[in-house]
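Remarks on the structure that follows.
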Amino acid sequence: MRRLYLLLAAALIVLSLVALSVGSAGAVTEKYMAIATAPSVLGGSSSYGQTKAGAKSRAMTKCKRDNAKNPHFRNDCTGAVWVRNGWASVAYEKTKETPYKNLAWGSGWGPRRANANHHAWKVCRRYAKEKCTTQFYDRSIYRGSGATKGGPW
């Protein structure tokens with residue numbers, strides 16, 4: 001009888017370990033992060049996905065949903081940047097004249113937040129002809145030793 005209990009206990013432990021390994025294997029599958037920006041409200045929304053296209057689609061949907069109730073929102077969500085294993089950032093011109101729909105902005109990405117912000121400022125300055133300031137940034141989930149990859153929408 002005791003052997004039966006030991007056998008059942010061993011089987012239960014094995015099944016528990018298998019269930020844990022299967023459950024945790026899918027836990028960190030969202031490799032990409034994308035940012036969509038809404039210049040009319042100086043907003044940004046980021047989202048994650050298993051694919052670049054999935055992250056972009058979710059970011060755009062989230063941008064529209066997050067800003068829908070803002071009376072100044074002009075339904076102007078625009079794809080800004082995507083990244084894998086790194087940071088992404090959106091910067092707007094520092095002098096924010098109304099209407100916001102004409103604001104210059106830029107995006108950047110890199111392995112560190114400082115890199116992403118620097119590139120976003122550089123791109124923004126090219127269009128704004130003045131200093132820019134970071135408005136929104138986020139990072140993707142890091143996947144071990146993979147290289148940082150990213151780009152404009």
Side-chain angles (χ1 to χ4, degrees), residues 14-153:
V14 168
L15 287 175
S16 296
L17 290 173
V18 168
L20 281 175
S21 67
V22 169
S24 65
V28 184
T29 59
E30 296 180 331
K31 303 174 189 176
Y32 295 88
M33 188 274 296
I35 298 175
T37 186
S40 62
V41 292
L42 300 175
S45 296
S46 63
S47 196
Y48 306 90
Q50 292 178 343
T51 64
K52 183 175 24 170
K56 287 176 164 184
S57 175
R58 288 179 182 172
M60 190 64 74
T61 299
K62 188 175 178 210
C63 180
K64 291 174 184 175
R65 186 186 68 231
D66 289 352
N67 295 296
K69 293 182 181 178
N70 187 323
H72 302 291
F73 180 55
R74 293 193 176 97
N75 202 27
D76 59 344
C77 289
T78 303
V81 63
W82 65 272
V83 70
R84 179 178 179 191
N85 279 345
W87 289 82
S89 178
V90 174
Y92 281 98
E93 65 182 78
K94 203 163 190 162
T95 309
K96 296 173 179 66
E97 305 93 0
T98 54
Y100 289 156
K101 70 177 182 176
N102 297 324
L103 283 180
W105 62 274
S107 62
W109 59 274
R112 291 180 295 283
R113 185 172 65 186
N115 300 110
N117 287 343
H118 177 75
H119 290 295
W121 296 333
K122 241 171 92 171
V123 172
C124 178
R125 274 193 304 260
R126 187 179 322 137
Y127 295 108
K129 309 289 190 247
E130 66 174 89
K131 289 189 176 188
C132 294
T133 183
T134 302
Q135 190 68 33
F136 190 84
Y137 58 84
D138 199 356
R139 74 177 178 98
S140 67
I141 297 169
Y142 282 93
R143 306 285 292 177
S145 62
T148 300
K149 294 180 183 179
W153 202 265

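Quantities reported herein were computed from a predicted structural model and do not represent experimental measurements. Starting from 1, each residue takes its place in the sequence as its number.
- The side-chain contact (heavy atoms from CB on, under 4.5 Å) search around A34 returns A55, K56, A59, W82, W153, not counting sequence neighbours.
- Under the 3.5 Å distance criterion, the side-chain polar atoms of D76 are matched with a main-chain donor or acceptor of S40.
- Between S89 atom OG and I35 atom CD1 the span is 6.5 Å, to the nearest 0.5 Å.
- In terms of heavy atoms, S107 sits closest to A80 at OG-O, 3.1 Å.
- In this structure, R125 CZ and K122 NZ are separated by 8.5 Å, a value rounded to the nearest 0.5 Å.
- A search for side chain to side chain donor-acceptor pair (under 3.5 Å) contacts involving S46 returns D138, not counting sequence neighbours.
- Of all heavy-atom pairs between K31 and S140, the closest is O-CB, 3.9 Å.
- Y32 and T51 make their closest contact through CD1-C, 3.4 Å (heavy atoms, listed as atom of the first residue, atom of the second, distance).
- For K149, the NZ atom counts as loosely surrounded, since its 6.0 Å shell holds 12 or fewer non-hydrogen atoms of other residues, nucleotides or ligands.
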Query - CA sep, side-chain torsions, deciding dist, call: F136, T134, side chain to side chain contact (heavy atoms under 4.5 Å, CB included) - result: CA-CA 6 Å; F136 190 84; T134 302; over 6 Å; no

Requested in this report: Given side chain to side chain contact (heavy atoms under 4.5 Å, CB included), test T133 with K131 step by step and report yes or no.
Outcome: CA-CA 7 Å; T133 183; K131 289 189 176 188; over 6 Å; no

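- Within the model, atoms CE of M33 and CZ of R84 stand 13.5 Å from one another, a figure rounded to the nearest 0.5 Å.
- For W105, the side chain to side chain donor-acceptor pair (under 3.5 Å) criterion is met by no residue, not counting sequence neighbours.
- Contacts of T148 classified as side-chain contact (heavy atoms from CB on, under 4.5 Å), with partners at least two apart in sequence or in another chain: V83, N85, W109, P111.
- For A128, the side-chain contact (heavy atoms from CB on, under 4.5 Å) partners two or more places apart in sequence, or in a different chain, are E93, A104, C124, E130, C132.
- With sequence neighbours excluded, the residues that form a side-chain contact (heavy atoms from CB on, under 4.5 Å) with R113 are W87, N117, Y137.
- Applying the side chain to side chain donor-acceptor pair (under 3.5 Å) test to R139 and every residue at least two apart in sequence or in another chain returns nothing.
- Between the side chain of N67 and the backbone N or O of K64, no donor-acceptor pair lies under 3.5 Å.
- When every heavy atom of G108 is checked against every heavy atom of V81, the shortest pair comes out as O-CG2, 3.8 Å.
- A donor-acceptor contact shorter than 3.5 Å is absent between the side chain of S57 and the backbone of A53.
- Rounding to the nearest 0.5 angstrom, the gap separating the OG1 atom in T95 from the NZ atom in K129 is 14.5 Å.
- Here R126 contributes atom CZ and W121 contributes atom CH2; the two are 16.0 Å apart, rounded to the nearest 0.5 Å.
- Residues forming a side chain to side chain donor-acceptor pair (under 3.5 Å) with S45 (at least two apart in sequence, or on another chain): D66.
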